[in-house]
Amino acid sequence: MTVKAKKFLGQHFLNDESIAKQIADTLSLKGYKQVLEIGPGMGVLTKYIIKKPVITHVIEIDPESVEYLQANFLNLATRIIKKDVLKYDFSEAFGSESFAVIGNFPYNISTQIVFKTLENRHQIPEFSGMFQKEVAQRICEKEGSKVYGILSVLVQAFYETEYLFTVPPSVFIPPPKVESGVLRLTRKIDYSLPCDEKLFFKVVKSAFQQRRKTLRNSLKTYNLSDNLKANTIFDKRPEQLSVKAFIELTTAIETDH
Ligand code: SAH
């Protein structure tokens, strides 16, 4: 891989053993026997994850890192997957079994990793690791907050969120421009929604795409009845709606007309 191509891999290697251990310790070990680490790099986290009573798989796109892992983590052997996580079909490694996801994630694709996790939520009871701090906060914030958005609502519909701790740029090589945040998502016991799930995703996205508008304006294209639009919920802006309110809104739209 050329130096230029590498620039896009979001490589900021963690250079602090105690933080690496703390991140590995976010695994609760409840509800799964296997773990997938995304973007192991030179294995600083992997070292601590493989000490746990779980079967560890890692997925890494950078050939140099993969070579290093193959030479230094002989026990991982066939469980080192040399692929782009965004293009990877999880059933290749896991079939239909459950697994936890962990990592010091490549920040440039962190949102896409979260969306991929949501798509595969039936198999992923737990998700933890490090993001750019702002993204970690956004995922965990509740309604009313300035950073509450699509990611917050969609994640919190299915997972309990915990923002665990902040990590300064100085513990990475090279240091990123921003602070980092470690979080844990724990899938809710009942994670099926009492409304059409596809419509829920669509409504949340439409509402936040025009975040400053009231729902009456941002949901115009849904051709809602005057009767429904008279409901005061449509006077609100998306950041004022809890996850529960978004579910109720979706149900109301579903049964309109
Ligand atoms: N976990 C290591 C490295 C973190 S940097 C540490 O803490 O030191 C992010 C890692 O993700 C890099 O190793 C990078 O090569 C890898 N990566 C970037 N994009 C990826 C992708 N699409 N699929 C899999 N790995 C990716």
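Side chains are part of it too, since the values below use all heavy atoms of this structure and drop only hydrogens, waters and symmetry mates. For the single chain, residues carry numbers from 1 onward in sequence order. Each ligand, and each atom within it, is numbered from 1 in the order the structure gives.
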*Determine the sole option in Lys133, Gln137, Gln132 for which the side chain to side chain donor-acceptor pair (under 3.5 Å) test with Glu179 is passed.*
Lys133

_Any donor-acceptor pair under 3.5 Å from Gln156 side chain to Glu141 backbone_ = yes

*Out of Ile113, Thr46, Val85, whose heavy atom sits nearest atom 23 (N) of ligand 1?*
Val85

*Do His12 and ligand 1 have an N or O pair less than 3.5 Å apart?*
no

_Under 3.5 Å between any N/O of Ser65 and any N/O of ligand 1: does that happen in this structure?_
no

*Pro106, any N or O under 3.5 Å of ligand 1 N or O*: no

*Could you tell me whether Asn108 approaches ligand 1 through its side chain, its backbone, both or neither, with non-hydrogen atoms closer than 4.0 Å?*
neither

*Gln34 and His57: CA distance, side-chain angles, deciding distance, side chain to side chain donor-acceptor pair (under 3.5 Å) verdict*: CA-CA 8 Å; Gln34 303 189 77; His57 304 248; 2.7 Å; yes

*So, does Ile109 sit close enough to ligand 1 that a heavy atom of it is under 4.0 Å from the ligand?*
yes

_Under 3.5 Å: N/O of Leu14 near N/O of ligand 1_ = yes

_Identity and separation of the nearest protein heavy atom to atom 3 (C) of ligand 1_ = Gly39 O, 3.4 Å

_4.0 Å heavy-atom contact, Met130 with ligand 1_ = no

*Give the residue and atom name of whichever protein heavy atom lies nearest to atom 2 (C) of ligand 1, and the separation in Å to one decimal.*
Pro40 O, 3.3 Å

_Derivation and outcome, salt bridge (Lys or Arg N to Asp or Glu O under 4.0 Å), residues Lys47 and Glu17_ = CA-CA 10 Å; Lys47 231 171 23 203; Glu17 294 296 327; 3.0 Å; yes

*Heavy-atom contact under 4.0 Å between Asp84 and ligand 1?*
yes

_Gln11: numbered ligand 1 atoms lying under 4.0 Å from its heavy atoms_ = 5 (S), 12 (C), 13 (O), 14 (C), 15 (O)

*If the plane angle is over 60° it's perpendicular, under 30° parallel, otherwise tilted; pick one for Phe90 and Phe94.*
perpendicular

*Given side chains that start at C-beta, do those of Cys195 and Phe246 come closer than 4.5 Å, heavy atoms only?*
no

*Backbone or side chain, does any N or O of Asp62 fall under 3.5 Å from an N or O of ligand 1?*
no

